[in-house]
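Notes follow once the structure below has been shown.
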Amino acid sequence: MPHSQPQPKPMQTVKGIPVSPGIVIARAFVLGEAETHVPHREIEEREIETELARLDGALRDASADLVLLRDRTEQQLGREAAKIFGFHLGLAQDPSLLGPMRERIRRDRVNAEVAVADSFKKVTDQFKAIGNEVFRQKANDVLDLERRVLGKLMGENESRLSALTEPVIIIAHELTPSQTAGMDRKKILGIATDLGGRTSHTSIVARAIEIPCVVGCQRVMQRAEDGDLVIVDGDTGVVVVRPDERTLEEYRSQQDRFSNYRAILRETARLETVTKDGTRIKLLGNIEFPHEVENVLANGGDGVGLYRTEFLYLTNDHEPSEDEQYQAYRHTLELLAGRPCTIRTLDLGADKYTQQRAHEPERNPFLGLRSIRYCLAHREMFKTQLRAILRASAHGPLKVMFPLVSTLMELRQAKMIMNDVCEELEEEGIAFDRGIQTGIMIEVPSAALLSRAFAQECSFFSIGTNDLIQYTLAVDRGNERVANLYTGASPAVLYLVKQVVRSARRAGIDVSLCGEIAGEAIYTMLLIGLGLRTLSLVPSQIPLIKRVIRSVDIPHCEELARRVGSFDSDRQVLTTLRDELRKVDPDSFGGWIAE
Ligand code: PEP
Ligand code: MG
């Protein structure tokens, strides 16, 4: 019988959620779960003090690392992003966590490693048992700190990550925010993870440091081994493990095309955003942190159309004061140097939680006390933010918008509170823009269906399709298992968008669209055809969308919108949109155009 050779493992293609664009090809570095083997040792009474001192030393060193990491992140990504580590630092000093550790050493006579592992495990188990995304994320943060403290105790000064010598693609089940933020872009070319959604901290950080990243890959970790060649396509969300020659060739040429194309696009960034027949379209940027304004401007954006202010809260270990918020908003306006900025009031709740306010989880948080509802239920917090926004409005053109408004009553209440705050500032003699415009995000079907009435009571609409899609189709936008059902090409969603634009036009108020589809080229002609003249999108996509806009004319877009409006399936819509884009801008059509 011939001797059988071990068969080479086959190529595997995994589809995930693209969260940070770009195509990279490199060897895999599979980041295992905390494989740290915790040594178990019973100690003598006389060793108790030594173990307690070891524990204190490890916590001190871990905190020192966190401070360094925070400072480095602050330098590279800005102050808000660095505050992710605030929570870790807070935990490392939290008596409710440290007390039981010390107690366990004293009472049960165990070594510091066991005391640390047990106490952290108790907390992570409690968080995980709650079973929602918010607490899973918190458990992740706790795990991150545990690894760090155990690493110190066990003499692991360098994590495996920082010991890397050649550029790799990180494959992991889930990355913690500090792991991602600590990544050296020269060494880490890309990221693919099993879990995660667009709004997880890891995705936010990956986008901010511009490492191509695909999350929600469902078991990519089981498919790849250390050293396997891997392709991460952060534009379409495809991860290929052990690509065959043909696939490799395809992606290499796509990479070449992509970098040539990016170079051309950089040129486009400087051009005017105008259709072939002379209609000016405004392209604004979506930002989470003030420093991203530089990105918006470098990509040729006209201003900021969506400033997700909740990220100041999400990356902070304490509730940001009025002054901290004011400084962030003012800084944003200063960087914009007279260009417009639309600030969204806190969109907290659901998957976006604060460290201090997440003690009482909801069973169904996406349908719960989130966004404007949360603000109306926490008036003092809301008023603090409105004061900060209004004070900042003295420094540049600012608009305010309320997220997830679903009833007129909510809008009226929010406006009333805003009026109260204006009066307070007036009495205190504090400068603010008295003519500041207030608008709402249209993110739920009820607001879209009642948009005519809403248009009578606010100055502008911004259509948030990310949520509008999820609430119209009843598909969780962060759940990789139903990602195939989540599409902006749904005729039901497009019908609502059309109604909202129509209501705004009739009432003579501004309307823009700031969901992710604003940055997806395939939708550009349709959105213009539906009457939108302002889009707000992820800054890196601005040049591409500008290029598409410069290749089309309004009658063509309107004809397309009419045609697509008669379709009853999202497949039909997508096929038509793809064909039209291919016709108007054949060069722009490539794998990097997200659908
Ligand atoms: C949206 O829902 O479309 C939106 C822009 O808001 P966010 O993605 O922050 O929920
Ligand atoms: Mg939203």
Side-chain angles (χ1 to χ4, degrees), residues 31-43 46-77 79 81-106 108-124 127 138-165 170 172 175-184 187-188 201-202 205 315-318 355:
L31 205 66
E33 294 286 284
E35 310 113 323
T36 338
H37 178 69
V38 180
H40 193 292
R41 194 164 60 83
E42 279 175 26
I43 58 168
R46 61 186 161 75
E47 289 180 279
I48 290 176
E49 287 311 314
T50 319
E51 285 307 300
L52 287 172
R54 284 187 67 225
L55 173 63
D56 287 344
L59 289 165
R60 204 175 40 242
D61 290 352
S63 299
D65 278 3
L66 286 167
V67 170
L68 274 178
L69 207 48
R70 185 193 59 195
D71 293 348
R72 198 172 83 199
T73 309
E74 185 169 330
Q75 255 179 12
Q76 291 172 355
L77 299 180
R79 209 161 132 241
K83 285 176 183 166
I84 284 171
F85 302 108
F87 177 55
H88 292 207
L89 272 165
L91 262 182
Q93 288 147 14
D94 186 343
S96 67
L97 185 68
L98 306 189
M101 281 183 203
R102 297 210 164 88
E103 185 57 19
R104 185 119 161 75
I105 295 176
R106 281 202 193 94
D108 302 334
R109 305 256 182 94
V110 293
N111 52 333
E113 285 89 339
V114 170
V116 166
D118 288 356
S119 299
F120 276 107
K121 187 167 181 323
K122 229 175 244 165
V123 180
T124 35
F127 283 159
K138 270 171 104 78
N140 213 28
D141 280 329
V142 177
L143 196 64
D144 195 23
L145 181 65
E146 181 199 359
R147 283 183 192 144
R148 195 176 294 283
V149 178
L150 279 177
K152 293 294 169 194
L153 279 170
M154 293 160 69
E156 285 177 341
N157 290 327
E158 288 287 315
S159 73
R160 285 179 73 210
L161 259 180
S162 54
L164 282 175
T165 52
I170 297 288
L175 285 176
T176 62
S178 74
Q179 279 174 315
T180 313
M183 282 178 183
D184 179 349
K187 287 184 181 173
I188 314 291
H201 282 145
T202 300
V205 176
T315 55
N316 223 320
D317 58 338
H318 64 278
Q355 309 299 357

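As the structure is a computational prediction, the values presented were derived from the model and not from experiment.
- Of the possible polar contacts, one joining the T124 side chain to the K121 backbone as a donor-acceptor pair under 3.5 Å is found.
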Begin from the C-alpha positions of L91 and V123 and carry the test side chain to side chain contact (heavy atoms under 4.5 Å, CB included) through to its verdict. CA-CA 11 Å; L91 262 182; V123 180; 5.8 Å; no
Given I48 and E51, is the side chain to side chain contact (heavy atoms under 4.5 Å, CB included) satisfied, shown in steps? CA-CA 5 Å; I48 290 176; E51 285 307 300; 6.0 Å; no
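- Not a single side chain to side chain donor-acceptor pair (under 3.5 Å) links E74 to another residue, sequence neighbours left out.
- Using a 4.0 Å cut-off between charged nitrogen and carboxylate oxygen, R54 and E113 count as a salt-bridge pair.
- Legend: residues meeting side chain to side chain contact (heavy atoms under 4.5 Å, CB included) with L68, ordered by chain and number and at least two apart, are absent.
- Residues passing the salt bridge (charged side-chain N to carboxylate O under 4.0 Å, His left out) test with D61: none are found, sequence neighbours excluded.
- Qualifying side chain to side chain contact (heavy atoms under 4.5 Å, CB included) partners for R60, counting only residues two or more places apart in sequence or in other chains: none.
- The minimum heavy-atom distance between L145 and A92, with the atom names listed, is CD2-N, 3.6 Å.
- Atoms OG and NE2, from S63 and H88 in turn, are 12.0 Å apart once rounded to the nearest 0.5 Å.
- Residues forming a side chain to side chain contact (heavy atoms under 4.5 Å, CB included) with A62 (at least two apart in sequence, or on another chain): R148, V149, K152.
- Separation of atoms CG (L153) and CG (N111) is listed at 8.5 Å; rounding is to 0.5 Å.
- Counting only heavy atoms from C-beta outward, the side chains of L97 and F120 approach each other to under 4.5 Å.
- R102 places a side-chain heavy atom less than 4.5 Å from the side chain of D56.
- Expressed to the nearest 0.5 Å, how far CG of L69 lies from CZ of F85 amounts to 3.5 Å.
- Taking the side chain to side chain contact (heavy atoms under 4.5 Å, CB included) definition, one finds that D108 meets it with R104, V110, sequence neighbours left out.
- Between the CD1 atom in I43 and the CG atom in L52 there is a gap of 7.5 Å [rounded to 0.5 Å].
- By the neighbour-count criterion of 12 heavy atoms within 6.0 Å, atom CD of Q93 is densely surrounded, having more than that number from other residues, nucleotides or ligands.
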